[in-house]
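Report on the following structure.
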Amino acid sequence: MSAELAAARRRGRALSAAEGRAFVAEQLTQPRRTALHPEGRAAAPDPSRRSRVRPEPAADPRWRWISTRETHRGRVRIDVDEVQLPTGERTTFEVDRSVPFTVAVLVQDGADLLLTRQYRYPIDRWILDLPGGAAEFGEVPEQAARRELEEELGLVATELIPLHRFFANPGRSVWATHLFFATGVCPGRAPIDDPSEKVELARMSRVDFDQLLVEGEITDPTLLIARTMAAVKGLLPPIGA
């Protein structure tokens, strides 16, 4: 990354359209990094860590990026990329590059889970979800998770444990969601008041939450994945237990 772009990201400044295109070009054209052996030579791949759902890299056809044109910038940023398909044909593809990444935190406070309840305009419903949101340029996932938890619920996590990283919409968006598990909280600053984002604290027992999940009342994918991964990692009992 150029020194100018790196400095802009460290300062947390949003990139301009031209800077954004340059950043995308650098990310898409730079060679993939190979893990290094402690002595400096390339490390041999670890067969035990090979994906069981992905073919060998040589067998994976990929699209070749040609150019990027920004078409919309608001809370959402949409680019149109020109790409070359494995067949040699060229086409365009709309890509969501709105944020660096997003974060969410599943909080356990004693026997209870602390969730958020929010109105979601696109589906015209109040739903249960998790405190979280978009990262700012220059943040690392844990910093963003701590900031969002305090901004939305006025709480500070005593400990954050990484849960999982996933892509909510890999067919259209480049950004990942980083999930964390908080084992306790203490009061922090008052939540930030945003007229378009009214967040309510929803405290409930794990048993009651699991019952809502079984009944199909939990519809937020981030919350579903966080609860599942907390059980997989032994941080919470299995669902329904």
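Throughout, residue positions are numbered sequentially from 1 according to the sequence presented. For the numbers below, each heavy atom of this structure counts, side chains included, while hydrogens, waters and symmetry mates do not.
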Q: Might you point out which heavy atoms bring A231 and P237 nearest each other, and give the distance in Å?
A: CB-O, 3.7 Å
Q | Fellow cluster residues of V156, listed by chain then number, with links counted only when side-chain atoms sit under 4.5 Å apart | A | none
Q: Determine yes or no for a side-chain-to-main-chain donor-acceptor pair under 3.5 angstrom, with S98 supplying the side chain and R77 the backbone.
A: yes
Q | Non-hydrogen side-chain atoms of L114 and V185 separated by less than 4.5 Å | A | yes
(Q) Would a single hydrophobic cluster contain both V80 and V83, if residues Ile, Leu, Val, Met, Phe, Trp and Tyr are joined by side-chain heavy-atom contacts under 4.5 Å? (A) no
Q. Who pairs with R64 by side-chain hydrogen bond (donor to acceptor under 3.5 Å, both in side chains), at least two apart in sequence or on another chain?
A. Q84
**Q.** Results of side-chain hydrogen bond (donor to acceptor under 3.5 Å, both in side chains) for Q118 - residues two or more places apart only
**A.** D129
Q) F93: what forms a ring pair (Phe, Tyr, Trp, His ring centres under 6.0 Å) with it, not counting sequence neighbours? A) W63
Q.
Check for me, please, whether I225 and L235 land in the same ILVMFWY cluster - side-chain distances under 4.5 Å, paths through other members count.
A. yes
**Q.** From CG (L155) to CZ (R146), nearest 0.5 Å
**A.** 12.0 Å
Q) Taking 4.0 angstrom as the limit, do E151 and R147 come out as a salt bridge? A) yes
Q: Return each pair, listed once, that meets ring-ring contact (aromatic ring centres under 6.0 Å, His included) where at least one residue sits in residues 195-241; pairs must be two or more places apart or across chains.
A: none
Q) Are any side-chain N or O atoms of E200 and backbone N or O atoms of T116, one a donor and one an acceptor, separated by less than 3.5 Å? A) no
Q. Taking atom CZ of F166 and atom CG of L179, what is their separation to the nearest 0.5 Å?
A. 5.0 Å
**Q.** Sub-4.5 Å side-chain heavy-atom contact between M204 and L128
**A.** yes
Q) When clusters are formed by joining ILVMFWY residues with side-chain heavy atoms under 4.5 Å apart, either directly or through shared neighbours, do V103 and V99 land in the same one? A) no
Q. Just how far is it from atom CD of Q211 to atom CG of L213, taken to the nearest 0.5 Å?
A. 9.5 Å
Q: For T222, enumerate each residue passing the side-chain hydrogen bond (donor to acceptor under 3.5 Å, both in side chains) test, keeping only those at least two apart in sequence or located in another chain.
A: none
(Q) For T92 and E94: C-alpha separation, side-chain torsions, deciding distance, then whether side-chain contact (heavy atoms from CB on, under 4.5 Å) applies. (A) CA-CA 7 Å; T92 57; E94 294 179 344; over 6 Å; no
Q. Below 4.5 Å, heavy atoms only, C-beta onward: do P131 and E148 meet side chain to side chain?
A. no
Q) How about L85 and R90: do any of their side-chain heavy atoms sit closer than 4.5 Å? A) no
Q: Please check if F167 and V76 belong to a single hydrophobic cluster, counting links between Ile, Leu, Val, Met, Phe, Trp and Tyr side chain heavy atoms closer than 4.5 Å.
A: no
Q.
Clusters formed by hydrophobic residues whose side-chain heavy atoms approach within less than 4.5 Å: which one holds V140, and what are its other members?
A. none
**Q.** Single-linkage hydrophobic cluster L153~L160, side-chain heavy atoms < 4.5 angstrom
**A.** yes
Q | Note: R172-D96 ion pair, threshold 4.0 Å (strictly below) | A | no
(Q) Closer than 3.5 angstrom, by distance alone: can the side chain of T158 be matched with the main-chain N or O of G184 as a donor-acceptor pair? (A) yes
**Q.** Other cluster members, I127 - Ile/Leu/Val/Met/Phe/Trp/Tyr, side-chain contacts below 4.5 Å
**A.** I123
Q. Do R73 and D79 sit within salt-bridge range, that is, some charged N less than 4.0 Å from a carboxylate O?
A. no
Q) Nearest 0.5 Å, what's the CG-CG distance between L130 and L223? A) 4.5 Å
Q. Which pairs with one or both residues in residues 168-208 pass ring-ring contact (aromatic ring centres under 6.0 Å, His included), sequence neighbours excluded?
A. F101-H178
Q | Side-chain touch T219/R125, heavy atoms, less than 4.5 angstrom | A | yes
Q) With sequence neighbours left out, what residues match D208 under side-chain hydrogen bond (donor to acceptor under 3.5 Å, both in side chains)? A) S205
Show me the side-chain donor-acceptor pairs of residues 105-113 shorter than 3.5 Å, one per line, residues at least two apart or across chains.
residue, atom, partner, partner atom, Å
D109, OD2, R203, NH1, 3.2
D109, OD2, R203, NH2, 2.8
D112, OD2, R203, NH1, 3.2

Q: Return each pair, listed once, that meets salt bridge (Lys or Arg N to Asp or Glu O under 4.0 Å) where at least one residue sits in residues 210-226; pairs must be two or more places apart or across chains.
A: R206-D210, D210-R227
Q. At what distance, to the nearest 0.5 angstrom, does CD1 of I239 lie from CG of L224?
A. 8.0 Å
Q) Donor-acceptor pair, R62 side chain versus P86 backbone, under 3.5 Å? A) no
